[in-house]
2 protein chains.
Amino acid sequence: MAGIIDVAREAGVSTATVSRALSGKDYVSEHTKELVEKVAKRLGYVPSASAYTLVTGRTRNIGVVVPYIDRWFFSTALETIDRELVKAGYDVTLYNLSTDDVHRKSIFTNSLARKRVDAVMCIAVRMSDSELAALTAVNKPIVALGGLINGAKCIKISDTSAGRLATDHLLTMGHTKIAMIGLSGNDEKFFRVFDERRDGYETALKLAGIAPKPGWYKQVSKYAISEGYAAAKQLLGDPHHAPTAIFASSDELAVGAMLAAKDMGLKVPEDVSIVGVDNHELADFFGITTIDQNVTGQAELLVKTMLQVLENPEQEMDQVIDWPIELVVRASTTKVRS
Amino acid sequence: MAGIIDVAREAGVSTATVSRALSGKDYVSEHTKELVEKVAKRLGYVPSASAYTLVTGRTRNIGVVVPYIDRWFFSTALETIDRELVKAGYDVTLYNLSTDDVHRKSIFTNSLARKRVDAVMCIAVRMSDSELAALTAVNKPIVALGGLINGAKCIKISDTSAGRLATDHLLTMGHTKIAMIGLSGNDEKFFRVFDERRDGYETALKLAGIAPKPGWYKQVSKYAISEGYAAAKQLLGDPHHAPTAIFASSDELAVGAMLAAKDMGLKVPEDVSIVGVDNHELADFFGITTIDQNVTGQAELLVKTMLQVLENPEQEMDQVIDWPIELVVRASTTKVRS
DNA sequence: CTGTTAGCGCCTTCAG
DNA sequence: CTGAAGGCGCTAACAG
């Protein structure tokens, strides 16, 4: 573990010169620069991150906070966030909140506060006031994806619009008996994305003069195909009030619904139309009409936004970027049978 | 950003006493300890990680290297690795290798070398000799999951055994025309897991006196349902050599194969038996017989192993832990039709 | 263009 | 049980 002193001695210069030659931030003669670089390489010298941080205050490290890792939205977002940040010369420290409350709290009050990070990214994490206060006290830039955070730049889609768009698509096709499968709830640790999709669904119905029936909403406990399957069976098996269309608030649920319909001998879309949300790769495979939210694009913009903030903290920027959604029509929706 | 000096002044003691009181590692009177703790909390004092690292050499940080994040095996493993490491008081810095070669190289030669981490976890990453040399030079413990690394403790399943077990299951049921869907290749960046599964498959066939036909092996380009679907259609549509059973080297491929069979009017398992690998949640939903590899269990053991190495570097331990696999029989396999 | 010097914030001997 | 002092490895003025 050669240090800067070893390089300096070996090259016959001072440590300051080594530092300058290697960082390229100051005037050094071409000759000594090459010499120093050669010696450094020969000795396998790698600067110590902690010493660098201690003296400069910079860490070249970004804290990324997620509620889960092993779910589509999060692993997809993380994939591009980590890749892009590495390209930009940053390391990524990952904080997974899917743990007990004690450790969750410690992430906000300790880990993120130890001057370990230059900035924090929150991926769809909703925080309590005290958590936000702890985070804000660190006085580092915060950017957020998928949910609003006070004082942070934020990128998100309008989930209400997603719900409306999906429902309007079905209404336009003449459907009036439209059910929804979703996962709403008022857990303070999560954003209301799914409630908002439901709000959009209900608003669309009301504007079309249709009163949403309580029985048309089926609550699931997680975003799995199996859950969508079970919910759709309930919905479609109802002898009196079976819907002609289903709005599933994620593509995985939509896939489950489609499989349930098929298993019941119903044809999609002739007997029942299905719309999802996400544009998951499964939606493509199963030919499911969906609302594309382009998570990769959102993640790329998030990284770009953060790098801008880091370079130029004073710059004026929109606080909230409303990411556009798009209806992708595939084979799972058609006009209602008359 | 209160520092240790502020706390010391405010509490009327020396910085040394503050350090001792807060770390709890040395004798401090109960009285002053409480006092210091109170003052520290009031001032919102959080020790600086870099200063701590600089003086102790410890980082409380683990580097985790993965080839991808957004794939089942990796997001599942990461989920528990991050959670367990946070519980144990470690931060996790995540290095995603799914980037160009320049940045990949830089991860090994720079990022991981800056004394940023106490240890490195490699999740199914295969490295070149020079990458391994760079990593070894850092002189920190390395543990690996899913593939052997020289000098590292490693946890993995036997992929050859997985291939054999799946194939033997089918052979025992009287099948002789057994096809395989897989993803082999000789990319130096990846382990040969899928080739090994194929080796196991071919060995099992040979031991049963069956010569594996080249046409029975279908290569796919990634682990997606859509790929399994396309491959199975090819296999099952063959007018002369259609198999009666398919071994898919992942559950996602197996799901695709099952859907393809159904779309062709074939019944599973009456007309064609299907076996997968992983015990993915989809395998449960679709009733697919599979080889369980319990990724969560492997990840937990990996973390435990790493913590042991960290606590007691000299301790004798097995270099390679062979994680047990288990055949989970579901509804997708049955005796061959006579 | 290069060397000298003074810390960055903390832990850890060594005295008391 | 507590304080004083040195130093972890590096960068950023400030002189030369």
Side-chain angles (χ1 to χ4, degrees), chain A residues 1-37 39-40 43-61 89 110-111 113-118 138-140, chain B residues 1-37 39-40 43-61 89 110-111 113-118 138-140:
Chain A
M1 281 282 103
I4 199 172
I5 319 182
D6 304 306
V7 179
R9 188 180 346 97
E10 198 79 2
V13 295
S14 74
T15 61
T17 301
V18 173
S19 175
R20 285 189 284 249
L22 261 29
S23 72
K25 280 194 173 179
D26 237 324
Y27 297 106
V28 183
S29 81
E30 197 57 36
H31 173 70
T32 50
K33 181 171 180 179
E34 279 174 15
L35 172 65
V36 169
E37 280 171 349
V39 173
L43 265 46
Y45 168 69
V46 179
S48 148
S50 20
Y52 171 84
T53 297
L54 196 55
V55 67
T56 62
R58 281 196 61 196
T59 66
R60 299 164 173 278
N61 191 53
N110 290 315
S111 309
R114 299 189 193 185
K115 300 204 196 125
R116 280 229 143 142
V117 297
D118 289 340
V138 187
N139 205 27
K140 300 283 180 193
Chain B
M1 279 282 102
I4 198 172
I5 320 181
D6 304 306
V7 179
R9 190 181 343 98
E10 199 77 3
V13 296
S14 74
T15 61
T17 301
V18 174
S19 175
R20 284 189 284 248
L22 262 27
S23 72
K25 280 195 171 178
D26 236 325
Y27 297 106
V28 183
S29 81
E30 197 58 35
H31 174 69
T32 51
K33 180 169 181 180
E34 280 172 16
L35 172 65
V36 169
E37 280 171 349
V39 173
L43 266 45
Y45 168 69
V46 180
S48 149
S50 19
Y52 171 84
T53 298
L54 196 55
V55 69
T56 61
R58 280 197 62 196
T59 67
R60 300 164 171 278
N61 190 54
N110 290 313
S111 309
R114 300 190 191 184
K115 301 203 195 125
R116 282 229 142 142
V117 296
D118 288 341
V138 187
N139 207 26
K140 299 284 178 191

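Letters A, B, ... are given to chains in the order of the sequence lines, protein chains preceding strands, and every chain is numbered from 1.
- In this structure, the CG atom of Leu43(B) is 15 Å from the C1' atom of dG9(C), given to the nearest Å.
- In this structure, CZ of Arg114(B) is placed 15 Å from C1' of dT11(D), rounded to the nearest angstrom.
- The side-chain heavy atoms of Val36(A) and Leu22(A), taken from C-beta on, include a pair separated by under 4.5 Å.
- Proximity note for Ile4(A) (side chain, C-beta onward) versus dT2(C), dC10(D), dC1(D): the nearest is dC10(D).
- Listed nucleotides: dT2(D), dC8(C), dG3(D). Nearest to the side chain of Leu54(A): dC8(C).
- No donor-acceptor pair closer than 3.5 Å links the side chain of Ser19(A) to the backbone N or O of Thr15(A).
- Toward the 5' end of DNA chain C, the nearer of the two residues Ser23(B) and Ser14(A), judged by each one's closest nucleotide, is Ser14(A).
- Listed nucleotides dC11(C), dC14(D), dC1(D) differ in distance to Ser19(B); the shortest reach to its side chain belongs to dC11(C).
- A straight line from CZ of Arg58(A) to C1' of dT11(D) spans 13 Å, rounded to a whole angstrom.
- Between Ser50(B) and dC10(C) there is no side-chain N or O to OP1 or OP2 distance below 4.0 Å.
- Comparing dC1(D), dT2(C), dT11(D) against the side chain of Tyr27(B) picks out dC1(D) as the nearest.
- Using a 4.0 Å cut-off, no side-chain N or O of Tyr52(A) falls inside it from OP1 or OP2 of dA12(D).
- To the nearest 0.5 Å, atom OG1 of residue Thr17(A) and atom CD1 of residue Ile4(A) are 9.5 Å apart.
- The side chain of Arg20(B) lies closest to dG3(D), out of dC10(D), dG3(D), dA12(D).
- Counting to the nearest Å, the C1' atom of dC1(C) and the CD atom of Glu30(A) are 13 Å from each other.
- Residue Thr32(B) is in sugar-phosphate contact alone, with no base atom involved, counting any heavy-atom pair closer than 4.0 Å across all strands shown.
- Here dG7(D) presents its C1' atom at 10 Å from CD1 of Ile5(A), a figure rounded to the nearest Å.
- Look at NZ on Lys33(A): it is 14 Å from C1' on dC1(C), rounded to the nearest Å.
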Inset, instruction - Determine, step by step, whether Ser50(B) and Thr53(B) satisfy the side chain to side chain donor-acceptor pair (under 3.5 Å) criterion, reporting the C-alpha distance in whole Å, the side-chain angles of both residues, the deciding distance to 0.1 Å, and the verdict. - result: CA-CA 5 Å; Ser50(B) 19; Thr53(B) 298; over 6 Å; no
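- Of all nucleotides listed (dC10(D), dT2(C), dT11(D)), dT11(D) comes nearest to the side chain of Thr15(A).
- Counting only N and O atoms by type, the side chains of Thr32(B) and Ser29(B) include a donor and acceptor under 3.5 Å apart.
- Considering only side-chain atoms of Val28(A), the nucleotide from dT2(C), dG9(D), dC11(C) that sits closest is dT2(C).
- For Arg116(A) and dG9(C), the CZ to C1' distance is 14 Å, given to the nearest whole Å.
- Checking dT12(C), dC11(C), dA12(D) against the side-chain heavy atoms of Val55(B) singles out dC11(C) as nearest.
- Among the protein residues, Val18(B) comes within range of no part of the nucleic acid, since none of its heavy atoms lies under 4.0 Å from any strand.
- Rounded to whole angstrom, the span from the CD atom of Glu34(B) across to the C1' atom of dC1(D) amounts to 16 Å.
- Note that CZ of Arg116(B) is 8.5 Å distant from CZ of Arg60(A), once rounded to the nearest 0.5 Å.
- Along DNA chain D, the nucleotide nearest Ser29(B) and the nucleotide nearest Ala51(B) are compared for position; the residue whose nucleotide lies closer to the 5' end is Ser29(B).
- With distances taken from any side-chain atom of Thr17(B) to the nucleotides dC10(D), dG3(D), dG7(D), the minimum falls on dG3(D).
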